[in-house]
Amino acid sequence: MTTLAYSVLLKNWRYVIIALFLLFMLPLLLIAAPFGMFQEQQKQEQLPYGTTMSSQGVITPIGEKEIPSEYLQYYKTAGQKYNVPWELIAAIHRVETNFGQDLNVSSVGALGHTQFMVLTWIGWGYPGGNRLGNANVPKNILEDPAVIKRYGGYGVDCSGDHRADPWNVQDAMCSTANYLAASGASSGTEAGMRKAVFAYNHAGWYVDRVFKYKNMYATGGATEVSIGLPSMPYGTSSGSGKGSAAINKAIAAGKTLVGKSPYNFGGGRTATDIARRSFDCSSFVRWAFEQGGVNLGRVDSTTTDTLVKLGKPVKPSEMRPGDLVFFDTYKKNGHVGIVIDSKGTVLHDGSTHGVWINDMNHFRKVFSGVVRRVVE
């Protein structure tokens with residue numbers, strides 16, 4: 001090597017090293033990259049084709065009040081494991097055994113926290129039983145994960161004690177989620193979840209009841225119903241319905257249901273309930289104002305607790321048509337109605353008559369002066 005070439009090599013040694021690195025490592029990178037992409041693709045394809053991750057709702061004040069706090073973690077764990085909204089699992093637990101307060105074996109042999117038929121738990125391939133799924137299975141066999149796997153049952157050991165016990169709340173919630181997911185609830189759609197709940201118990205009333213509690217216990221889940229309104233801040237009105245015009249439309253719409261819409265606690269938060277005009281007090285108020293072009297909140301999560309925070313406070317002596325008036329019934333501000341005239345007459349959906357009209361004297365024992373103006 002000449003003195004000149006050696007001098008050039010010394011001055012440019014960094015570039016030589018980079019060139020050598022690229023010469024030897026680039027082929028390896030080109031081979032490894034597709035392999036890494038393949039691994040990532042495998043991760044993304046773990047869910048069945050056409051399904052999406054079901055969103056998990058945020059617990060509501062009613063949910064916090066009714067759901068035993070120690071159970072909430074079990075619902076969420078099961079929901080995440082099987083891609084099912086936790087509030088759907090909680091609702092079934094509520095409907096089946098009132099959160100485990102009634103753990104008797106049913107008249108048809110359903111057992112445990114969420115009332116599984118024996119053959120559904122252990123698997124329909126297990127010999128014996130009747131068409132409903134009842135069978136005389138020893139406890140040690142019923143709870144054996146290996147036997148359940150052999151016969152294709154839905155019982156799951158979620159507590160880690162090597163037994164799948166329908167009377168163990170952790171196991172029961174995972175098993176319920178397992179069954180719901182296999183029946184279509186992991187699709188992330190309301191239709192899929194309703195189909196799964198119907199599979200759990202073949203009765204339309206049962207599905208409606210489960211969904212009533214589901215929508216009561218959580219907000220922001222996968223079952224939000226589109227109401228066809230533009231995105232607006234709560235308490236504002238659309239361009240076509242402002243002030244007295246919006247209020248008049250809301251009151252007129254509400255009056256059409258007087259004596260025709262029985263009260264449904266937790267109702268009015270699904271497309272089915274709305275179509276048949278089945279509301280509770282807060283969902284009725286929300287629906288009435290929607291007819292006037294006013295958005296008072298999300299269809300699946302409006303409650304008295306959200307409505308009482310809207311607009312501005314008004315003195316009872318200054319309330320006028322369109323104001324919301326609250327009453328302390330089963331809890332503070334537990335009931336709400338719409339003022340419909342200067343005398344303070346109230347249009348509301350109550351547990352006695354459903355949608356009805358009463359004067360303020362009717363509420364004198366439960367009115368503590370809370371009035372909100374949501375439309376100017």
Side-chain angles (χ1 to χ4, degrees), residues 45-51 54 71 74-86 88-97 99-100 102-189 191-204 206-207 210 214:
E45 292 176 351
Q46 286 175 353
L47 290 176
Y49 177 76
T51 64
S54 294
Y71 290 168
Y74 303 145
Y75 303 142
K76 291 186 175 181
T77 297
Q80 291 171 357
K81 181 178 177 67
Y82 291 98
N83 192 33
V84 174
W86 68 263
L88 185 63
I89 304 167
I92 286 182
H93 195 196
R94 167 64 176 82
V95 171
E96 291 291 352
T97 61
F99 299 119
D102 180 10
L103 289 178
N104 294 321
V105 177
S106 78
S107 59
V108 294
L111 44 77
H113 274 270
T114 47
Q115 296 290 281
F116 267 82
M117 297 306 298
V118 171
L119 290 185
T120 305
W121 185 271
I122 197 171
W124 282 79
Y126 190 88
N130 55 32
R131 65 181 182 84
L132 292 176
N134 194 11
N136 185 18
V137 183
K139 183 177 174 64
N140 64 311
I141 300 298
L142 179 69
E143 299 175 1
D144 188 334
V147 176
I148 292 171
K149 183 177 180 181
R150 183 189 313 157
Y151 290 109
Y154 292 97
V156 176
D157 169 27
C158 218
S159 60
D161 62 357
H162 307 294
R163 295 187 303 128
D165 181 0
W167 286 274
N168 178 303
V169 66
Q170 290 178 265
D171 294 353
M173 296 313 116
C174 281
S175 302
T176 300
N178 184 22
Y179 184 89
L180 291 171
S183 302
S186 60
S187 67
T189 66
M193 286 184 278
R194 283 184 171 273
K195 177 184 176 183
V197 176
F198 187 80
Y200 203 92
N201 186 329
H202 300 300
Y206 179 86
V207 177
V210 167
K214 175 188 179 297

- Task: Please name all residues satisfying side chain to side chain contact (heavy atoms under 4.5 Å, CB included) with Asn178, sequence neighbours left out, ordered by chain then number.
- Result: Tyr82, Tyr154, Val156

- Query: Is the closest side-chain heavy-atom distance between Val108 and Asn134 below 4.5 Å?
  - Reply: no

- Query: Which pair of non-hydrogen atoms, one from Gly128 and one from Ala135, has the smallest distance, and what is that distance?
  - Reply: C-CB, 4.3 Å

- Item | Separation of Met193 CE from Ser187 OG (nearest 0.5 Å) | 6.5 Å

- Item | Thr176 side, atom OG1; Gln115 side, atom CD - distance, nearest 0.5 Å | 10.5 Å

- Query: Which heavy atom of Pro166 sits nearest a heavy atom of Ala172, and at what distance?
  - Reply: O-CB, 3.6 Å

- Query: Going by the ring pair (Phe, Tyr, Trp, His ring centres under 6.0 Å) test, which pairs reach into residues 105-143, not counting sequence neighbours?
  - Reply: His93-His113, Phe116-Trp121, Phe116-Tyr200, Tyr126-Tyr151

- Item | Residue pair Tyr71 / Phe99: nearest heavy atoms and the distance that separates them | CE1-O, 3.4 Å

- When rounded to the nearest 0.5 angstrom, what distance separates CG in Leu111 from OG1 in Thr97? 11.5 Å

- Residue pair Asp157 / Ser159, side-chain heavy-atom distance below 4.5 Å: yes

- Closest non-hydrogen contact found for Ala185 with Pro85 is O-CD, 4.4 Å

- Task: Could you tell me whether the side chain of Val210 reaches within less than 4.5 Å of the side chain of Arg194, counting heavy atoms only?
- Result: no

- Message: Checking Ile89 against Thr114 for the side-chain contact (heavy atoms from CB on, under 4.5 Å) test, could you report, in this order, the C-alpha distance in whole Å, the side-chain angles of both residues, the deciding distance, and whether it holds?
- Response: CA-CA 9 Å; Ile89 304 167; Thr114 47; 5.9 Å; no

- Query: Measuring from Met173:CE to Ile92:CD1, what's the distance to the nearest 0.5 Å?
  - Reply: 9.5 Å

- Heavy-atom nearest pair, Pro145 first then Glu143, reads CD-O, 3.1 Å

- Separation between OH (Tyr74) and CD (Gln170), nearest 0.5 Å, reads 4.0 Å

- Item | Taking every non-hydrogen atom, the tightest pair across Ala164 and Gly155 | CB-C, 4.0 Å

- Message: Surrounding CG of Asn140 (heavy atoms of other residues, nucleotides or ligands, distance under 6.0 Å), is the total greater than 12?
- Response: yes

- Item | Interatomic distance, Asn130 atom CG to Met117 atom CE [nearest 0.5 angstrom] | 6.0 Å

